[in-house]
Amino acid sequence: MIELKVPTLGESVTEATVATWFKKPGEAVEIDEMLCELETDKVTIEVPSSVSGIISKIVAKEGETVGLDALLAVIEEKTPSEMETMIKNSTQKTVSSSEENKTSSVTDTKNSPSAEKIIKEKKLDASLIKGSGKDGRIMKEDVQGISVLKTEKDTSGDTVVEERVKMTRLRQTIASRLKEAQNTAAMLTTFNEADLTEIIKLRKSFKDQFFDKHAVKLGFMSFFVKACCKALEEVPEVNAEIDNEYIVYKKYINMGVAVGTDNGLVVPVLKNADHLSFSMIEKEINRLGTLARDGKLSIADMSGGTFTISNGGIYGSLLSSPILNAPQSGILGMHKIQERPIVVDGEIKVRPMMYLALSYDHRIVDGKGAVTFLIRVKENLEDPRRLLIDL
């Protein structure tokens, strides 16, 4: 008998909730086949089987909270020949009923097992559900908590439709962490603006050569990551955090990049960003962004951040005050690039401008440090040559 236990959940995560079982006691399972999903405060983790065999017993039921190394199930291990016979018998039964289940089988292969289970239990119409997974695949978060639509008439006789959806654990965690940051930190925001003329020229001049050599596009984010890294080296308190009565100064820079997904805000982390080249930053951002959109970020992908960049500009935001990603002491808000008239050498010019916002923890960072940091970011963006000659 093989014991299936809760795997390592990641940094600072000590418990999870058993969300969905894909197998029942007595059913066959192959090695590496997904058995269940665990929900943590940060991500959903799929737990695979380490052996081939039969599910003998499920110990942790759906909805139960389990700690590290807790027993989830017991598997009776089978030899390859025994499994081959079992699979053959199971396949014959499946073929005999394939025609009557043909329609539902197509749906099963498209959606995640946990989502399909909820759809069947609640008798939902999958064709009306918008999937957030790859190629429109319906994920558990898309259907979790959906209840029957409430339809009634308002006072003027018009039809009113309401849908009551339970918050996912990720959304609840986002809400509590953001409110905690507001309640704990002495949060303040300072603003500036940057003329992105030179970056736009540089990208236009080298975008084709850059792509041909590195097989990735040269975006704006790599310039912002580089600019922030240089500024953090000069103002290290923005890269620090409070631990009780101590201030912890990080001698490394792990840059969090906030990504909005259909399931909520996540912050994957570029580890040791100060040592990455432009191409390495762009490749890593693409990789993490794809994982975020597909709901496949791991705990490791989102752990260890020391500073965060949030780009509200992709949604059209002109100016905002970002909330700290606790326990970090600083977050940079990027915004929409908009052509505006400004004075250059005594003349009015139309330039592509972006408002920058730095929210910081005033318990660690003084006004002088915050303003200095933002000015350095501005200088590095307006003259990106500074990044190349280490100014």
Side-chain angles (χ1 to χ4, degrees), residues 4 6-7 16-40 42-49 52-55 57-64 66 72-73 75 83 86-87 89-149 163-172 261-264 266 290-298:
L4 178 72
V6 174
T17 300
V18 180
T20 307
W21 277 101
F22 304 142
K23 294 289 185 178
K24 298 178 181 178
E27 291 187 340
V29 60
E30 296 185 44
I31 189 170
D32 292 331
E33 184 176 0
M34 295 304 167
L35 297 182
C36 68
E37 281 182 339
L38 302 179
E39 271 191 355
T40 73
K42 297 182 178 180
V43 293
T44 297
I45 300 173
E46 291 185 329
V47 181
S49 174
S52 297
I54 302 295
I55 301 293
K57 181 181 180 182
I58 291 179
V59 178
K61 309 298 182 183
E62 290 183 1
E64 289 188 14
V66 291
L72 295 172
I75 304 173
M83 287 299 299
M86 291 173 56
I87 293 173
N89 293 337
S90 176
T91 301
Q92 290 175 346
K93 292 179 181 179
T94 302
V95 171
S96 65
S97 59
S98 61
E99 288 303 317
E100 60 184 271
N101 294 313
K102 186 174 182 181
T103 302
S104 61
S105 295
V106 174
T107 304
D108 289 346
T109 58
K110 178 181 178 182
N111 305 326
S112 73
S114 56
E116 193 61 34
K117 184 178 182 213
I118 296 175
I119 290 173
K120 290 179 180 178
E121 288 176 348
K122 296 190 174 183
K123 299 180 181 179
L124 302 175
D125 186 349
S127 65
L128 300 178
I129 302 172
K130 182 180 179 181
S132 61
K134 190 174 182 180
D135 299 325
R137 187 171 185 249
I138 298 176
M139 308 302 290
K140 183 183 70 174
E141 291 81 2
D142 300 324
V143 295
Q144 187 180 39
I146 291 182
S147 58
V148 179
L149 290 177
E163 182 180 2
R164 191 176 182 86
V165 181
K166 184 179 179 181
M167 292 175 68
T168 64
R169 186 162 181 172
L170 174 60
R171 172 56 63 185
Q172 293 178 51
T261 71
D262 292 337
N263 300 321
V266 292
T290 299
L291 291 175
R293 286 186 292 272
D294 292 344
K296 296 181 179 179
L297 283 172
S298 68

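Residue numbers run from 1 in the order of the sequence given. Computation of the quantities below employed the complete heavy-atom set of this structure, encompassing side-chain atoms and omitting hydrogens, waters and symmetry-equivalent molecules. Quick caveat, the model's predicted, so the values are computed rather than measured.
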Item to complete: Carefully, step by step, assess Ile54 and Ile75 under the rule side chain to side chain contact (heavy atoms under 4.5 Å, CB included).
Response: CA-CA 6 Å; Ile54 302 295; Ile75 304 173; 6.0 Å; no

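We find the CG-CZ distance between Leu291 and Arg293 to be 9.5 Å, quoted to the nearest 0.5 Å. Note that CD of Glu64 is 11.0 Å distant from CD1 of Ile58, once rounded to the nearest 0.5 Å. To the nearest 0.5 Å, atoms CG (Leu35) and CG (Leu4) are separated by 5.5 Å. Rounding to the nearest 0.5 Å gives a distance of 5.0 Å between CH2 of Trp21 and CG of Leu72.
Contact between Glu30 and Ser49 at its shortest, heavy atoms only, is O-CB, 3.8 Å. For the pair Phe22 and Glu27, the tightest heavy-atom approach, listed with the atom from each and the gap, is O-OE1, 4.2 Å. Between Lys24 and Ile55, the shortest heavy-atom distance links the atoms O-CB, 3.5 Å.
Lys57 places no side-chain N or O within donor-acceptor distance of the main-chain N or O of Pro25, the cut-off being under 3.5 Å.
Residues satisfying the salt bridge (charged side-chain N to carboxylate O under 4.0 Å, His left out) test with Glu46, not counting sequence neighbours, are none.
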